[in-house]
Amino acid sequence: MQTQEILRILRLPELGDLGQFFRSLSATTLVSMGALAAILAYWFTHRPKALQPPCNLLMQSEEVEDSGGARRSVIGSGPQLLTHYYDDARTMYQVFRRGLSISGNGPCLGFRKPKQPYQWLSYQEVADRAEFLGSGLLQHNCKA
């Protein structure tokens, strides 16, 4: 008796009413609902997984002994300076191009006005703007 009261309070139909509801729908509607459920199931099982960060984001650096508070990255394996993390990205331009290819033209730069949500520029939009800026500088006889 309590279940029926809860369903009545929440205004949810009982199981018998739900069966009657589905029987009253047309075949086209039922096929459409099934196709939507199949598409959603496929998307949930095949969506891209998040990339794992190279280190614990809550502990990205450690203090260097006898240095008076200096810190170093935990990504490196020793006290040597880290010159690059990926072999195919040694310059900032290569890092940007790598981000463009990996992200699938995902969000790159964000900005916002006070009390407004962020607006994002995609990697391709940033690449186009950089090319336009460089072309404009060359047009004004600036050296490369």
Side-chain angles (χ1 to χ4, degrees), residues 1-64 69-144:
M1 192 65 171
Q2 290 179 339
T3 305
Q4 291 176 347
E5 288 178 30
I6 292 172
L7 290 175
R8 187 178 49 78
I9 292 170
L10 295 176
R11 295 183 184 189
L12 296 175
E14 292 185 25
L15 202 52
D17 296 338
L18 198 57
Q20 180 63 31
F21 170 75
F22 281 114
R23 282 193 291 278
S24 68
L25 295 176
S26 68
T28 307
T29 305
L30 289 173
V31 168
S32 300
M33 289 171 62
L36 179 64
I39 289 170
L40 286 174
Y42 178 82
W43 183 78
F44 276 118
T45 58
H46 290 84
R47 65 183 170 181
K49 304 295 184 236
L51 295 175
Q52 292 296 320
C55 65
N56 178 0
L57 297 180
L58 298 176
M59 182 58 93
Q60 298 181 38
S61 67
E62 63 187 10
E63 190 169 347
V64 178
R71 301 186 71 81
R72 71 169 200 84
S73 172
V74 296
I75 294 176
S77 59
Q80 298 86 9
L81 291 177
L82 184 66
T83 58
H84 63 280
Y85 190 72
Y86 299 104
D87 288 331
D88 62 341
R90 292 178 181 254
T91 66
M92 286 307 295
Y93 179 74
Q94 290 171 340
V95 168
F96 176 79
R97 298 305 288 182
R98 186 176 196 282
L100 172 63
S101 66
I102 287 176
S103 74
N105 197 26
C108 177
L109 290 177
F111 61 93
R112 69 178 180 155
K113 295 177 181 171
K115 299 186 181 190
Q116 296 283 326
Y118 274 94
Q119 296 176 344
W120 291 95
L121 296 175
S122 69
Y123 270 92
Q124 191 59 55
E125 289 172 319
V126 173
D128 291 343
R129 287 185 180 196
E131 186 177 338
F132 298 154
L133 176 65
S135 297
L137 291 174
L138 288 175
Q139 188 69 28
H140 283 52
N141 297 323
C142 293
K143 301 286 185 202

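Applying the side-chain contact (heavy atoms from CB on, under 4.5 Å) rule to Phe111 yields the partners Gln119, Leu121; only residues at least two apart in sequence or on another chain are considered. For the side chain to side chain donor-acceptor pair (under 3.5 Å) test, residues two or more places apart in sequence or in another chain that qualify with Glu62 are Arg72. When the side chain to side chain donor-acceptor pair (under 3.5 Å) test is applied to Ser103, no partner is found at least two apart in sequence or on another chain. Taking the side-chain contact (heavy atoms from CB on, under 4.5 Å) definition, one finds that Val31 meets it with nothing, sequence neighbours left out. Legend: residues meeting ring pair (Phe, Tyr, Trp, His ring centres under 6.0 Å) with Tyr85, ordered by chain and number and at least two apart, are absent. For the side-chain contact (heavy atoms from CB on, under 4.5 Å) test, residues two or more places apart in sequence or in another chain that qualify with Gln124 are Leu100, Asn105, Ser122, Ala127, Asp128. Checked against side-chain contact (heavy atoms from CB on, under 4.5 Å), Glu131 has the following partners two or more places apart in sequence or in another chain: Ser135.
Within the structure, side-chain hydrogen bond (donor to acceptor under 3.5 Å, both in side chains) pairs that include any residue of residues 25-42 comprise Ser26-Thr29 (at least two apart or interchain). Pairs engaging residues 31-43 under the salt bridge (charged side-chain N to carboxylate O under 4.0 Å, His left out) rule: none recorded [sequence neighbours left out].
Around atom NZ of Lys49, more than 12 heavy atoms belonging to other residues, nucleotides or ligands sit under 6.0 Å away.
Shortest non-hydrogen contact noted between Arg112 and Pro117 is CB-O, 3.7 Å. Residues Cys108 and Phe96 share a closest heavy-atom pair of SG-CE1, 3.8 Å.
Distance OH/Tyr118 to NZ/Lys113: 14.5 Å, rounded to 0.5 Å.
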Extract all donor-acceptor atom pairs below 3.5 Å that involve side chains of residues 87-95 and protein atoms in other chains or at least two apart in sequence.
residue : atom : partner : partner atom : Å
Asp87   : OD1  : His84   : NE2          : 3.2
Asp88   : OD1  : Arg98   : NE           : 3.0
Asp88   : OD2  : Arg98   : NE           : 3.4
Arg90   : NH1  : His84   : ND1          : 3.4
Arg90   : NH2  : His84   : NE2          : 3.2
Thr91   : OG1  : Gln94   : N            : 3.2
Gln94   : OE1  : Arg90   : N            : 2.7
Gln94   : OE1  : Thr91   : N            : 3.1

